[in-house]
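This report concerns only the one structure given below.
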Amino acid sequence: MNSIQIRQAFLDFFSSKQHFVANSAPMVIKNDPTLMFTNAGMNQFKDIFLGNSPANHLRIANSQKCLRVSGKHNDLEEVGHDTYHHTMFEMLGNWSFGDYFKKEAIAWGWELLTEVYGLEKNRLYVTVFGGDKADGLEPDNEAYDYWKAFVSEDRILYGSKKDNFWEMGEIGPCGPCSEIHIDLRDEDERQAMPGKDLVNNDHPQVVEIWNLVFIQFNRMNNGELKSLPAKHVDTGMGFERLCMALQGKKSNYDTDVFQPYIQKLAEMTGISYGSGKMTDVAMRVVSDHLRAVAFAIADGELPSNNKAGYVIRRILRRAIRYGYTFLEFREPFVHKLLPVMVENMGKAFPELTAQQDLISRVIAEEETTFLRTLSVGIHKFDQYLAAHPEKKVVDGQFAFELFDTYGFPIDLTRLMAREQGWEVDMEGFAAGMEAQKTRSRAAGTIETGDWVELKPATAETLFLGYDQLEAEVELIKYRRVSSKGKTYYQLVFDKTPFYAESGGQVGDRGVLESGDTKIHISDTQKENNLVVHIAEKIPQQMPSHFLAKVDGRKRQLTANNHTATHLLHAALREVLGHHVQQKGSLVNEERLRFDFSHFSRMTQEEIEKVEQIVNARIRENISQEEHREMEMAEAQNMGAMALFGEKYGDKVRVISFDKKFSTELCGGTHVHSTGQIGLFRIVSEGAIAAGIRRVEAITGADAERFVNEKIKELDAIRSLLRNPKDTVHAVEQLLEQNESLRKKLDAAQKDQAGQLVEEMAAKTEKIGGVNFIGQLVEMDAKMAKDLAFAIKNKVDNLFLVLGHAIDGKPGIVVMISENLVKERNLHAGNIVRNLAAHIQGGGGGQPFFATAGGKNPAGLDKVISEARKLLV
RNA sequence: GGGGAAUUAGCUCAGUUGGCUAGAGCGUUUGGCUGGCAGCCAAGAGGUCAUCGGUUCGAGCCCGAUAUUCUCCA
């Protein structure tokens, strides 16, 4: 079976057991401060396990794309060095939410592996939870007994709490798990040592392929375990490992999941896989990382310099680094593997196919910039070597600077050093790294207080803000949060008219009133599905009931901009084409920002066209059409476009302004009819990444002000030009005139300067065989300097002292011909310093030319006379 | 969120304890030479050294703020 068939067989199998086949959730997570990426199949069902949301299907099966770059068993720096670690991987899972339990999960698991996939039974082992005294838990004999029906008892092993008891976190749902392991070793090895001794022993060919978790407890705050009324099944099977097992390979990278990339790399480099240790590692690294990065970009996460975007950048750069060092790539190459990936996975993951062009460009762009970073680093490194030729050891601090400031990888520094017979002081490097980490940690500490719970939460906070801006609300819980000396409070209510920041729209501001008590809410945010109201100050005695009032003006202005964003989106697609897709959006009370996929600069005509369309739609005063709870399928039939990387429930909210023009899935707040927006103006257009452009625009009174200011400005110019018929032409003429006058003036000044030089030259005195000129002139330092150089070209054997003053600021210029400098060992710098004493100043310069400035113009005469004396 | 850096000609970059009339290569313009393969020679244009403020007699260089970009850590 190839990998595509293997994935399909899994989904088909569980579909035949009445499972709903769900799509993979986005790999990049939004609205969860604790998690940046999906790292397990269960992430998208977290709210169901926590009891925050009900399950829409009791049985679900899916393949979930996951990403892990750090954690207990995952270190990015190790991926590629062995045969089984990955950053991005697929997790096949089947789920029961309060429906079937251990019996079916075990029976179906066995059936799928042995009958559908046809794995040899004598290679399989299963583990069950062996009990734990501290938690007062018995061994999971229930699971043991179910397994007994299929597996001989010498293949059922008891496992420890570490291996066979699964917990989501410190507290929350948890339970025993049962794992299926497979022994993939050759016959003779299996004879030599039984596989059961290698289970859970980090043997690369005796591996866990499937973990069945039976969630039956809830871990309470005090550590106690409480039995759950609804028991769940959560299973996860590593897709890449399964492929290895089914295809009879010894390494995940030998399966058709990875080989296409590896073969392509071999073709590109002329190096065959298997021919060298480090070239093999590099090929594995590149093929693994390509998948991770491509999926992340497809989900809307671009390489950048912080948070999730930074993780993506690091992964991609690691791939480039290995390609650069071991495969000798000097030009962007990773993006050239993308077509192979789309061919392999495009069917199962349509987001790849749809955005292939964009992903390719983003990767290529990042490759180019990183190769540039590398060349800057190499340059710095060479300079360092040249500056310390005898050292033979690269300073740790410098190596760290290269890494920290210029992004130059430490292993490359070491490699280059070794090539020159140098060492790198790794201790110094580590010290710099440690200091950096300490600094960051100290700055990033957030102190979160315990929730003060007034009332048990029964459901998610109900949002009332679509219909009303004021409401009676009840406080559920609140807590204090401090970071870096700033303290604020988070408040959660049973219901609220406040809109929490999401979908690009900023959170609401407003006030809570209870009797005489007023609490100002400065922002409203979402943590997963929790709506959190932010207050800087709260009273000592917290009331439980409030009248919550949203700042209506801010809300209205924000709604103007949000609706305008929808109109803009539709207009862009009309003008530029259907490849335009939203890639990011910010909507607040001042302006809107819209990022979208498009590959070239918008022309002035295109921008105007878009503005015209949007403004026409505003004048049509189209009424908002809202569907608050629509089936996803129905919404898509209406033409509403789902965004890649966005997570949607089964029921979605659909907002249309003229169904044929703009229909979007959106949770934001909008105007009732477009006329309220008044006016729409684009104020900027530019690129933010390869293939992604950003438009910023304003609406309403802000747009009006913007236009008025432009008109005022033009009026002012026109009136300065005495209201010409053609303003542009008038300005052009003015500029031309100005240019020609400037040239004339230049010529005249040159002429004058020439005369001045002549005059000065005529005042040459022969003193001691030297052409001495000592004069006072009325000009500034710059002019005096120019004059001095001009005279120098005219008079040889020159000793020139100019005393200049303008606006009461005196200065001195000393110029001495080079021959005199040499013959008489003169130094203009020293001379000018001495002379400057007479004008209460200081100065300096080179041997042949020096300047000084001072405070006392009256001393200038003395300067000249003293200068003359120097030659006598 | 915190740290480090960069910003000089159209492009790529030099510019060494503040003394600079700010340079190089490539590109560009003009002229001359040359029988071609990115030909050679000469001359020229092109810079408010990111912006604003400060220190200083004097700032591309030192200090502070801002903007933009790069980079590392969380």
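Reckoned from all heavy atoms, side chains included, excluding hydrogens, waters and symmetry mates. First the proteins, then the strands, lettered A, B, ... as listed; each starts at 1.
- A:Gln490 and A:His533 form no side-chain donor-acceptor contact under 3.5 Å, judged by distance and modelled atom types alone.
- Against RNA chain B, the stretch residues 859-870 of chain A makes no heavy-atom approach under 4.0 Å.
- Interface remark: the A:Gln436 side chain does form a donor-acceptor pair with the B:G2 base, using a distance-only criterion of under 3.5 Å.
- B:A59 and B:A50 have their C1' atoms separated by 16 Å, given to the nearest Å.
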Q: Both distances under 3.5 Å, Watson-Crick or G-U wobble: on that basis, could you give the dot-bracket string for RNA chain B, with [ ] for crossing pairs and | for other-strand partners?
A: (((((((..((((.....[...)))).((((((.....)))))).....(((((..]....)))))))))))).
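- Remark: the separation of the P atoms in B:G15 and B:A24 is 15 Å, to the nearest Å.
- Taking the six-membered ring where tryptophan is involved, the planes of A:Tyr384 and A:Phe398 are essentially parallel, since the angle between them stays under 30° and well short of 60°.
- A salt bridge does not link A:Lys526 with A:Glu501: none of the charged nitrogens is closer than 4.0 Å to a carboxylate oxygen.
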Heteroatom pairs (N/O) under 3.5 angstrom, protein to nucleotides 47-49 of chain B:
none

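- A straight line from CG of A:Leu835 to P of B:G19 spans 21 Å, rounded to a whole angstrom.
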Interface polar pairs with nucleotides 57-60 of chain B, N/O, under 3.5 angstrom:
{"residue": "B:C57", "atom": "O4'", "partner": "A:Gly853", "partner atom": "O", "Å": "3.2"}
{"residue": "B:C57", "atom": "N1", "partner": "A:Gly842", "partner atom": "O", "Å": "2.8"}
{"residue": "B:C57", "atom": "O2", "partner": "A:Gly842", "partner atom": "O", "Å": "3.0"}
{"residue": "B:C57", "atom": "O2", "partner": "A:Gly853", "partner atom": "N", "Å": "3.4"}
{"residue": "B:C57", "atom": "N3", "partner": "A:Gly842", "partner atom": "O", "Å": "3.2"}
{"residue": "B:C57", "atom": "N3", "partner": "A:Gly843", "partner atom": "N", "Å": "3.4"}

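- Between A:Tyr310 atom OH and B:G3 atom P there is a gap of 16 Å when expressed in whole angstrom units.
- The A:Arg317 side chain lies nearest to B:U71 when the options are B:U71, B:G3, B:C73.
- Comparing B:A5 with B:G46, their C1' atoms are spaced 29 Å from each other, to the whole Å.
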Could you list, one pair per line, each protein nitrogen or oxygen that sits under 3.5 Å from a nitrogen or oxygen of nucleotides 12-14 of chain B, together with the distance?
{"residue": "B:C13", "atom": "OP2", "partner": "A:Arg372", "partner atom": "NH2", "Å": "3.1"}

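- Taking the six-membered ring where the residue is Trp, A:Phe326 and A:Tyr322 present tilted rings, their angle falling between 30° and 60°.
- Centroid-to-centroid, the aromatic rings of A:Phe429 and A:Phe403 come within less than 6.0 Å.
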Between protein and nucleic acid, restricted to nucleotides 23-27 of chain B and to nitrogen or oxygen atoms under 3.5 Å apart, what atom pairs and distances do you find?
none

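- Nucleotides B:C33 and B:A22, compared at atom C1', are 33 Å apart to the nearest Å.
- Among the heavy atoms of the strands, none lies under 4.0 Å from A:Phe400.
- B:U71 atom C1' lies 15 Å from atom CZ of A:Arg321, rounded to whole Å.
- B:C62 and B:U7 are spaced 10 Å apart, taking the P atom of each and rounding to whole Å.
- Listed candidates were B:U71, B:C73, B:G4. Nearest to the side chain of A:Arg313 is B:U71.
- When rounded to the nearest whole Å, the span between CD of A:Glu434 and P of B:C73 equals 12 Å.
- One atom, CZ of A:Arg439, and another, P of B:G1, lie 17 Å apart when rounded to the nearest Å.
- Whole-Å rounding puts the A:Leu371 CG to B:C70 C1' distance at 15 Å.
- Salt bridge annotation for A:Arg414-A:Glu423: absent, with no cationic side-chain nitrogen under 4.0 angstrom from a carboxylate oxygen.
- Remark: the A:Thr764 side chain and the A:Asn771 side chain contain no N/O donor-acceptor pair separated by less than 3.5 Å.
- With B:C70, B:A74, B:C73 as the candidates, the nucleotide lying closest to the side chain of A:Lys307 is B:A74.
- Atom NZ in A:Lys792 sits roughly 12 Å away from atom P in B:C20 (whole-Å rounding).
- Rounded to a whole angstrom, the distance from the P atom of B:G4 to that of B:A43 is 47 Å.
- Atom name P, nucleotides B:A74 and B:C13: the rounded distance is 29 Å, in whole Å.
- The distance from atom CD1 of A:Ile410 to atom C1' of B:C72 is 13 Å, rounded to the nearest whole Å.
- For the pair A:Arg330 and A:Tyr324, the cation-pi criterion (under 6.0 Å, within 45° of the ring axis) is fulfilled.
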